[in-house]
Amino acid sequence: MLIFVTILQVIVGVALAAMILFQSGKSRGLSGTIGGIADSYMSKAKAKTLDAKLAKYTKWVGAAFVILTLVINCMVAAGMAA
């Protein structure tokens with residue numbers, strides 16, 4: 001059982017890393033400061049973009065990673081490592 005949960009955590013960890021790397025950066029530098037007014041108009045449709053979906057799913061996958069880490073920790077503490 002521990003091996004199955006560990007493999008699942010590795011898969012979730014790789015998916016989490018990939019989701020983080022596919023997201024675009026939040027800092028846009030000087031061009032973001034100058035074009036701030038246009039950016040606020042364009043942000044109305046931001047919730048439907050791929051980047052917004054990736055940000056939402058990253059939170060869920062990150063939570064699953066933390067939960068799996070706690071489960072593995074509890075299994076090892078309970079002596080289920082053998």
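Everything quoted here is computed from the prediction, not taken from an experiment.
Residues Ile11 and Met75 are members of separate hydrophobic clusters, defined by side-chain heavy-atom contacts under 4.5 angstrom among Ile, Leu, Val, Met, Phe, Trp and Tyr. Residue Ile7 is not grouped with residue Val5 when hydrophobic side chains (ILVMFWY) are merged at heavy-atom distances under 4.5 angstrom, including chains of intermediate members. Two different hydrophobic clusters hold Val76 and Ile3 under the rule that ILVMFWY side chains link at heavy-atom gaps under 4.5 Å. No single ILVMFWY cluster, assembled from side-chain heavy atoms under 4.5 Å apart, contains both Val10 and Val12.
Every residue two or more places apart in sequence or in another chain was checked for a side chain to side chain contact (heavy atoms under 4.5 Å, CB included) with Leu21, and none qualifies.
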Quick one: side chains of residues 59-73, donor-acceptor pairs under 3.5 Å with protein atoms, not counting sequence neighbours, listed by atom name and distance.
residue, atom, partner, partner atom, Å
Thr69, OG1, Gln9, NE2, 2.5
Thr69, OG1, Phe65, O, 2.8

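Separating the CE atom in Met80 from the CG atom in Leu2 is a distance of 8.5 Å, to the nearest 0.5 Å. Residue Asp51 holds its CG atom at 12.5 Å from CZ of Phe22, rounded to the nearest 0.5 Å.
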_Walk me through whether Met19 and Thr58 qualify under side-chain contact (heavy atoms from CB on, under 4.5 Å)._
CA-CA 6 Å; Met19 292 174 106; Thr58 302; 3.7 Å; yes
